[in-house]
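Here the structure is laid out as structure tokens; the discussion comes afterwards.
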Amino acid sequence: MKSILFATCLSLGLFLQADAQTLKEMKKMMKESVSSKPDTTGLKQVEVKGGDDQFVMAEAFYNSGKKFFKATLQNSNIWPNTTPVPSADLFREVIRDDKGRISKFSGYVVADGPYPLFYKGSSYNNCVFTGKFMIYHPVPYSTPEEVEKAFEGDNCPRIDVYHPDKSVIKNITKEEVKNEWMNYLKQANVYVSKIRETEKANADKAEAEKRAKFTTQNRNVTKLKVYASAQKFEQGKSYTFFVTATLKDGSEISTEKGGYIDEYEVSWSGLPEMVNGPFGKVKAIYGSTITIPDTEPIKGDKVTLTVKSKYYPSVSATVDFAMDYSGYVTLDYNAQLRSDAVRVTGGNIRVEIKAVKHGVTGENLIECKAINPKDGSILRHFRINEGSGINVETCGQKGWNASSSKPAQDGTHGGDITIVIDPSVKSYNINTRNTGGRGGSGSSQYPRAGANGSDGRVEKLNQKVSW
């Protein structure tokens, strides 16, 4: 009997002890839960509706607490950090625009446009407010599809997520962040689309009003005049030309002051049909732009431009632009570090010159071809006044200086220059520079300096050129 009573008391004691422990843990959890709630004392709460822009979202988050907690996400990893970050540290140097909106903070500037979707910082550093989170991320996303793709499988860009409630950060999931971000962009893009539709409608209306004001259609055009941004053209440069239409009542409509170049048919001579542009071949005359090539001379040393009214085909104008060859020409074939980090020597070059006359002014000119001796391809073909000069450069590249981990590099060699002078040439001015690159400097770990590259050769040949 005594043993039974003892066992009963022992069980009751253990139960009471366990119950007290559970109660203690519950109290601790409740206390922690209460303490984790954001402190918004004195802050102006901002209501967030679905689709609000970043100005509203940033203001709401800014006023959501006096301190914030962070979680870092990357791929399948999540690192919650419950060390508080004061609001003043997260939002440094806050600048507001004339409407009182947060336009800049901590070096982040709100993205351009009437409905910004994020704040942009330095390269690979952006910030977005989703209504619940503040997210620092490397790539600016504008659509929910872009976010969904970034979170495919176990993938996830390295992002920092902030929230004023510590318990949220402790229990945060990738799915929660992804869905919150996607939902924000989904709602925001509804408003973005409406704004773009309104902008397009306004732009179409403004363009229609402008076209009605500056069109030559049904305006009785009696005369055309053509002029350009320069009276003479130089090889390798681009120019803008303009057309002025005189109407029957004496008034004028000019493409320089609102008129439309697409109301004229444009033809030309002297120029090739296509020339080299920054992104491949382009028309020598496109819209109101004239591009003068530097790879071949202009026929007759002049560009002839003719414009004709599409609405009044009998009305046209023609103008000639003589070529100006007075400037110096530099043939730069110096060694440069290639994109694949391979250092190269200065390029060898063959320069052939002969005497010619300017087709318009009769001036003495030097016609020159710069040729790659490896394959005979023409690098440049141009004309220049006899009294002007040609600079030919094929220098080697400087060697890199030594560091703590690698020795100094040698300079690369200068290229060889061959100048072929036709008997017709009486006077010319060609300057050459083909020195080797200097060796890099040594360091305390690698005191030996790099060797200088050798200079290239210069050879002059007096003989008939073959073209």
Determine whether [X] and [Y] make a side-chain contact, defined as any pair of heavy atoms from C-beta on separated by less than 4.5 Å.
X: F241; Y: F321; value: no
X: P297; Y: H381; value: yes
X: C368; Y: I390; value: yes
X: N348; Y: K374; value: no

Checking [Y] against [X]: is there a side-chain donor and acceptor pair closer than 3.5 Å?
X: N334; Y: D332; value: yes
X: Y184; Y: Q54; value: yes
X: T304; Y: D320; value: yes
X: Y108; Y: N125; value: yes

Could you grab the distance from atom [atom1] of [X] to atom [atom2] of [Y], nearest 0.5 Å is fine?
X: E256; Y: S288; atom1: CD; atom2: OG; answer: 10.5 Å
X: I290; Y: F233; atom1: CD1; atom2: CZ; answer: 4.0 Å
X: I285; Y: L271; atom1: CD1; atom2: CG; answer: 6.0 Å
X: E180; Y: L185; atom1: CD; atom2: CG; answer: 10.5 Å
X: L224; Y: I253; atom1: CG; atom2: CD1; answer: 11.0 Å
X: N434; Y: T394; atom1: CG; atom2: OG1; answer: 4.5 Å

Does Q45 have more than 12 heavy atoms from other residues, nucleotides or ligands lying within 6.0 Å of its CD?
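Enclosed: over 12 neighbouring heavy atoms sit under 6.0 Å from CD of Q45.
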Counting heavy atoms not belonging to K310, are there more than 12 under 6.0 Å from its NZ?
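More than 12 heavy atoms, drawn from other residues, nucleotides or ligands, come within 6.0 Å of this atom.
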Report all side-chain donor-acceptor pairs from residues 82-97 shorter than 3.5 Å, counting only partners two or more places apart or in another chain.
residue: T83; atom: OG1; partner: N81; partner atom: OD1; Å: 3.1
residue: R92; atom: NH1; partner: D89; partner atom: O; Å: 3.3
residue: R96; atom: NH1; partner: E59; partner atom: OE1; Å: 2.7
residue: R96; atom: NH1; partner: G100; partner atom: O; Å: 2.8
residue: R96; atom: NH2; partner: E59; partner atom: OE2; Å: 3.2
residue: D97; atom: OD1; partner: K99; partner atom: N; Å: 2.9
residue: D97; atom: OD1; partner: G100; partner atom: N; Å: 3.1
residue: D97; atom: OD1; partner: R101; partner atom: N; Å: 2.9
residue: D97; atom: OD2; partner: R101; partner atom: NE; Å: 2.9
residue: D97; atom: OD2; partner: R101; partner atom: NH2; Å: 3.1

Treating [X] as the side-chain partner and [Y] as the backbone partner, does any N or O pair qualify as donor plus acceptor under 3.5 Å?
X: K174; Y: F151; answer: no
X: E176; Y: I172; answer: no
X: S388; Y: S326; answer: yes
X: D52; Y: M57; answer: no
X: N189; Y: S142; answer: yes
X: T222; Y: T246; answer: yes
X: T345; Y: H413; answer: no
X: K237; Y: I292; answer: no
X: Y239; Y: E234; answer: yes
X: T130; Y: F133; answer: yes

Using 30° and 60° as the class boundaries, would you call the ring planes of [X] and [Y] parallel, tilted or perpendicular?
X: F55; Y: Y119; value: perpendicular
X: F129; Y: F61; value: tilted
X: Y227; Y: F242; value: tilted

If you look at every heavy atom in [X] and [Y], which pair is closest and at what distance?
X: S238; Y: T291; value: OG-OG1, 3.4 Å
X: T435; Y: D455; value: CA-OD1, 3.2 Å
X: S64; Y: P38; value: O-CB, 3.4 Å
X: G65; Y: P164; value: CA-CB, 4.3 Å
X: A284; Y: P272; value: CB-O, 3.2 Å
X: E263; Y: T216; value: OE1-OG1, 2.7 Å

Evaluate the side-chain contact (heavy atoms from CB on, under 4.5 Å) criterion for residues T198 and I195: first the C-alpha distance (whole Å), next the side-chain angles of each, then the deciding distance (0.1 Å), finally the verdict.
CA-CA 5 Å; T198 301; I195 289 175; 5.7 Å; no
Thinking salt bridges, do R380 and D294 make one under a 4.0 Å N-O criterion?
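A salt bridge links R380 with D294.
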Salt-bridge present (E148, K186; N to O < 4.0 Å)
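Not counted as a salt bridge, because no side-chain N and carboxylate O are separated by less than 4.0 Å.
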Identify whether NZ of Lys or CZ of Arg in K210 sits under 6.0 Å from the centre of the six-membered ring of Y260 and within 45° of that ring's axis.
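K210 over Y260 ring: yes.
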Mind running side-chain contact (heavy atoms from CB on, under 4.5 Å) on V266 and L305 for me, showing each step along the way?
CA-CA 7 Å; V266 181; L305 190 62; 3.7 Å; yes
Begin from the C-alpha positions of K120 and D112 and carry the test salt bridge (charged side-chain N to carboxylate O under 4.0 Å, His left out) through to its verdict.
CA-CA 9 Å; K120 54 186 178 181; D112 297 330; 3.4 Å; yes
Between K283 and M274, is the side-chain contact (heavy atoms from CB on, under 4.5 Å) condition met? List the steps.
CA-CA 4 Å; K283 279 193 170 184; M274 307 294 289; 3.8 Å; yes
For a salt bridge (charged side-chain N to carboxylate O under 4.0 Å, His left out) check, start with the C-alpha distance between E175 and K178, then their side-chain angles and the critical distance, and finish with the verdict.
CA-CA 5 Å; E175 196 69 16; K178 181 187 78 170; 3.4 Å; yes
Aromatic ring proximity Y162/Y136, centre distance under 6.0 Å:
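Centroid distance Y162-Y136: below 6.0 Å, so yes.
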Run the side-chain contact (heavy atoms from CB on, under 4.5 Å) test on N391 and Y328 for me, step by step, so that the C-alpha distance in whole Å, both residues' side-chain angles and the decisive distance to 0.1 Å come before the verdict.
CA-CA 8 Å; N391 300 318; Y328 271 64; 4.1 Å; yes
Checking N75 against D154 for the side-chain hydrogen bond (donor to acceptor under 3.5 Å, both in side chains) test, could you report, in this order, the C-alpha distance in whole Å, the side-chain angles of both residues, the deciding distance, and whether it holds?
CA-CA 5 Å; N75 296 332; D154 287 335; over 6 Å; no
Output a table of donor-acceptor pairs, distance under 3.5 Å, between side-chain atoms of residues 437-451 and any protein atom two or more places apart or on a different chain; print 'none' if there are none.
residue: S443; atom: OG; partner: S403; partner atom: O; Å: 3.2
residue: S443; atom: OG; partner: Y446; partner atom: N; Å: 3.1

